[in-house]
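So that the names make sense, note that chain A is the first sequence line, chain B the second, and so on, each numbered from 1.
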There are 2 protein chains.
Amino acid sequence: MSLRRIASALNLSITTISRALAGHSDVSEETRQKIVDEAKRIGYVPNEMARRLQNGRANAIGFVVPADPGADASSIFLQHIRGIWSRLERETLDLLVMAASSGCDELSHYRRLVEGRRVDGMIVSSPRQTDERIDYLLQTRFPFVVIGHDRSRDTAVMSVETDFSAAMRMAVQRLRDFGHRAVACVESEATDASDDRFEAFRAACLESGIQGVELSVDDTIAAGVATTANLMQHPVAPTALVCKSAKLAFDVFQSLQSRGLAAGRDLSIICLEDSPLLRACEPGITVVSQSADKLAYQATDTLLQMRGGLEPKRLFVQPELTAGNTDGPPGGISSRPV
Amino acid sequence: MSLRRIASALNLSITTISRALAGHSDVSEETRQKIVDEAKRIGYVPNEMARRLQNGRANAIGFVVPADPGADASSIFLQHIRGIWSRLERETLDLLVMAASSGCDELSHYRRLVEGRRVDGMIVSSPRQTDERIDYLLQTRFPFVVIGHDRSRDTAVMSVETDFSAAMRMAVQRLRDFGHRAVACVESEATDASDDRFEAFRAACLESGIQGVELSVDDTIAAGVATTANLMQHPVAPTALVCKSAKLAFDVFQSLQSRGLAAGRDLSIICLEDSPLLRACEPGITVVSQSADKLAYQATDTLLQMRGGLEPKRLFVQPELTAGNTDGPPGGISSRPV
DNA sequence: TTGAAAGCGTTACCAC
DNA sequence: GTGGTAACGCTTTCAA
């Protein structure tokens, strides 16, 4: 209804209007100008649906946020959305978002997007050990990029992830430079049951000449309290703590406060995962990580490049330091009264 | 390419296939069954773009999340997205999400969605006093629903909001029932510069026979510290605090902890805004509010009803109590050592 | 440099 | 009950 309108107003063919507006070279400068003017005058905006039907692309990519409530204290997915969008907006592509609980219906949501050709590609966040979503996408040969890493399929999937070993090295070195000699690293048992969970930590300690203490806590109950208690009675008496997850760092931070201890003074804390949760804290928690939105931006950029055929590979993004006030020269948590 | 495929496989017309699959009554049961079977066999999924072009609807609604970083410690927008989606999924409608900073380009993003007919309606969150987005949508007569309230246009826009007065009453009554006699209410100066900011609080206090203390703090600097200090030296010595925003409640909570005081024991805290931030706290903060996802669900439902022509009005949702551990019998913050 | 026509996959309006 | 035909608004191929 709209190209036609310009066409009849100017006594030109629809074809010419289309080509002029698309910037093709085979339109005389004079008519092109007339067309552009008229289009602007009537406020022409092309009908996306017609365009999409015609060239068989959805001009959109999909993103699924987990719907499990409570799982999002870190609100990392909102940052993902921002990151994806910031790459998408220059291309005039749309971002379709769905929410799905990891249960039964999640896969059917993926099918709907993929098979209904509603999106041209997908961004998948927080992969799980055995991930039916990824299996499905691989099997249908649909373009997608994973944010974060999926151990089980090293080569087959395209992924964008923070260089975790580098982050660990940066954190441990920073603590060493502050004067710490013994550093603990904590992670929740549930998150990641692999064998080499502390591998990067060990390597970093070795490199920095630091004595490393490995802690594993159950995520379901008060993880922060458990960690703090563990540290206070630990024979090695670590003066600093590296947390793998934001929630864990936050919990420990709170647990310290409720004991009248202060992060940064009594115990240095560095977190390897970014989250608005940590920035809301007072004092701010030191983070060594790549921000979630940059990661998502990178993933989206990679997805767009995949149109030109790109071999799947793991893409490592270097972490950055966001200095807070929770790390500094060693204090000593176990020397304090409880 | 696909209806056609079924048609030629069964030696029927495309029309019949379409009607059979759409569930029209004018297809014989026998052929309908054959068609459905064949469709299932080849895994037929209709092409959404063709469908949308045909019936002139986008089958999608739009939502814009603010891109201003840091503004989202509460991650309320993710909950909005979940709420919107939970209403949308049964209808097989899509959710388009954009991120925009409240600056220059925000409006152009709205234009793109509306004028490119990419969405049939919009959900607008956190309206501002003078909101060009709302002006634009009103002026183009585009269907939209606002989550939260916009004072300046009481009648013209459809909005879904928590019944704030009711929430305030619930909070104050609850504190009175715990035995509190003097309660403070705090809000940040920036959020809402209207005259009747404490109106609901005053009414609730009057109703419950409580002495009310009104506090206003500057949001830009350590609001929690300021609030706590203010309370400790206040002549009335309130034993409980009602916070209008989640960030404020969180800040006060932290400020108490860092002084060795405990929310719930030394000072009762009730927050009137829900947020994952509050649930991450240990102990959990008591909230009287409607959850963000329910509000968004309601807004979406209303938006869908607007297709049937619905007069714009303010829709009030009743708040619910999420009991935490930050409120109880009066303790007394000012009687404690600093 | 321009235009006519076909086609993208679907639905709706008729006629049979 | 069923099938042809047009239409949704655009892009592309091929002729002129």
Side-chain angles (χ1 to χ4, degrees), chain A residues 1-36 38-39 42-60 91-94 112-120, chain B residues 1-36 38-39 42-60 91-94 112-120:
Chain A
M1 196 52 187
S2 251
L3 275 191
R4 166 139 54 198
R5 190 168 143 202
I6 302 181
S8 61
L10 264 47
N11 268 321
L12 287 167
S13 76
I14 296 182
T15 313
T16 305
I17 314 294
S18 174
R19 278 182 306 210
L21 260 25
H24 288 204
S25 57
D26 56 357
V27 181
S28 81
E29 181 51 31
E30 188 191 344
T31 51
R32 201 191 63 79
Q33 196 50 251
K34 270 201 305 192
I35 291 173
V36 168
E38 175 67 5
I42 71 167
Y44 170 74
V45 178
N47 182 318
E48 266 299 307
M49 299 314 158
R51 189 176 249 176
R52 289 170 186 184
L53 175 60
Q54 160 60 31
N55 42 22
R57 280 184 284 106
N59 288 340
E91 315 278 343
T92 331
L93 296 175
D94 286 340
R112 250 189 45 194
L113 285 190
V114 171
E115 283 156 33
R117 295 168 205 75
R118 299 150 110 100
V119 295
D120 303 312
Chain B
M1 197 51 188
S2 251
L3 276 191
R4 165 135 54 197
R5 192 169 141 202
I6 302 182
S8 60
L10 265 47
N11 269 321
L12 288 167
S13 77
I14 296 182
T15 311
T16 305
I17 312 295
S18 174
R19 278 182 306 208
L21 261 25
H24 288 204
S25 57
D26 56 357
V27 180
S28 82
E29 181 52 30
E30 186 191 343
T31 52
R32 201 190 64 78
Q33 197 50 251
K34 271 200 306 192
I35 291 173
V36 168
E38 175 68 5
I42 71 167
Y44 169 74
V45 179
N47 183 317
E48 265 300 306
M49 300 313 158
R51 192 175 246 176
R52 289 171 186 182
L53 175 60
Q54 160 61 29
N55 45 24
R57 280 184 283 105
N59 288 341
E91 316 276 344
T92 332
L93 296 174
D94 286 339
R112 251 190 44 196
L113 284 190
V114 172
E115 282 157 35
R117 294 167 204 77
R118 299 151 110 99
V119 295
D120 303 312

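Nucleotide D:dT11 holds its C1' atom 15 Å from the CD1 atom of A:I6, rounded to whole Å. Look at CZ on B:R118: it is 21 Å from P on D:dC8, rounded to the nearest Å. Note: CG (A:N55) to P (D:dC10) measures 12 Å, nearest angstrom. Between A:R57 atom CZ and C:dG7 atom P there is a gap of 21 Å when expressed in whole angstrom units. Atom-to-atom, CG of A:L10 to P of C:dT2 comes out at 11 Å; the value is rounded to the nearest Å. Taking atom CG on A:L21 and atom P on D:dG9, their separation rounds to 16 Å, with Å as the unit. Distance, A:I35 CD1 to C:dT1 C1': 11 Å, rounded to whole Å. The separation between A:I17 atom CD1 and C:dA4 atom P is 12 Å, rounded to whole Å.
At least one side-chain heavy atom of B:N55 sits under 4.5 Å from a side-chain heavy atom of B:R51.
Across all non-hydrogen atoms, the minimal contact from A:E48 to A:N59 is OE1-ND2, 3.5 Å. Of all heavy-atom pairs between B:S18 and B:L3, the closest is CB-CD1, 3.9 Å. The nearest pair of heavy atoms linking A:S13 to A:A7 is C-CB, 4.0 Å. Considering every non-hydrogen atom in both A:A58 and A:D120, the closest pair reads N-OD1, 2.7 Å.
Residues from residues 47-54 of chain A lying near DNA chain D, meaning a heavy-atom separation below 4.0 Å, are A:N47, A:A50, A:R51, A:Q54 in numerical order.
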Check step by step if side-chain contact (heavy atoms from CB on, under 4.5 Å) holds for A:E38 and A:K34.
-> CA-CA 6 Å; A:E38 175 67 5; A:K34 270 201 305 192; over 6 Å; no
Could you go step by step and tell me if B:R118 and A:R52 meet the side-chain contact (heavy atoms from CB on, under 4.5 Å) rule?
-> CA-CA 11 Å; B:R118 299 151 110 99; A:R52 289 170 186 184; 4.0 Å; yes
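Between the A:R32 side chain and the A:A20 main chain, no donor and acceptor come within less than 3.5 Å of each other. Side-chain N or O atoms of B:R117 include one that pairs as donor or acceptor with a backbone N or O of B:E115 at under 3.5 Å.
Note on B:Y44: a side-chain N or O is less than 4.0 Å away from OP1 or OP2 of C:dT10.
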Between the protein and nucleotides 1-4 of chain D, list every N/O to N/O distance that falls short of 3.5 Å.
unit_1: D:dT2; atom_1: OP2; unit_2: B:S28; atom_2: N; d: 3.0
unit_1: D:dT2; atom_1: OP2; unit_2: B:T31; atom_2: OG1; d: 3.0
unit_1: D:dG3; atom_1: OP2; unit_2: B:S13; atom_2: N; d: 3.1
unit_1: D:dG3; atom_1: OP2; unit_2: B:S13; atom_2: OG; d: 3.4
unit_1: D:dG3; atom_1: OP2; unit_2: B:T16; atom_2: OG1; d: 2.7
unit_1: D:dG3; atom_1: N7; unit_2: B:R19; atom_2: NH2; d: 2.9
unit_1: D:dG3; atom_1: O6; unit_2: B:R19; atom_2: NH1; d: 2.8
unit_1: D:dG4; atom_1: N7; unit_2: B:T15; atom_2: OG1; d: 3.2
unit_1: D:dG4; atom_1: O6; unit_2: B:T15; atom_2: OG1; d: 2.9

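Two end axes, each from the C1' atoms of five base pairs, can be drawn for the helix from C:dT1-D:dA16 to C:dC16-D:dG1; they diverge by 50°, to 10 degrees.
Other residues, nucleotides and ligands place more than 12 heavy atoms under 6.0 Å from the CD atom of B:E29.
Atom CG in A:L10 sits 6.0 Å away from atom CD1 in A:I17 (nearest 0.5 Å).
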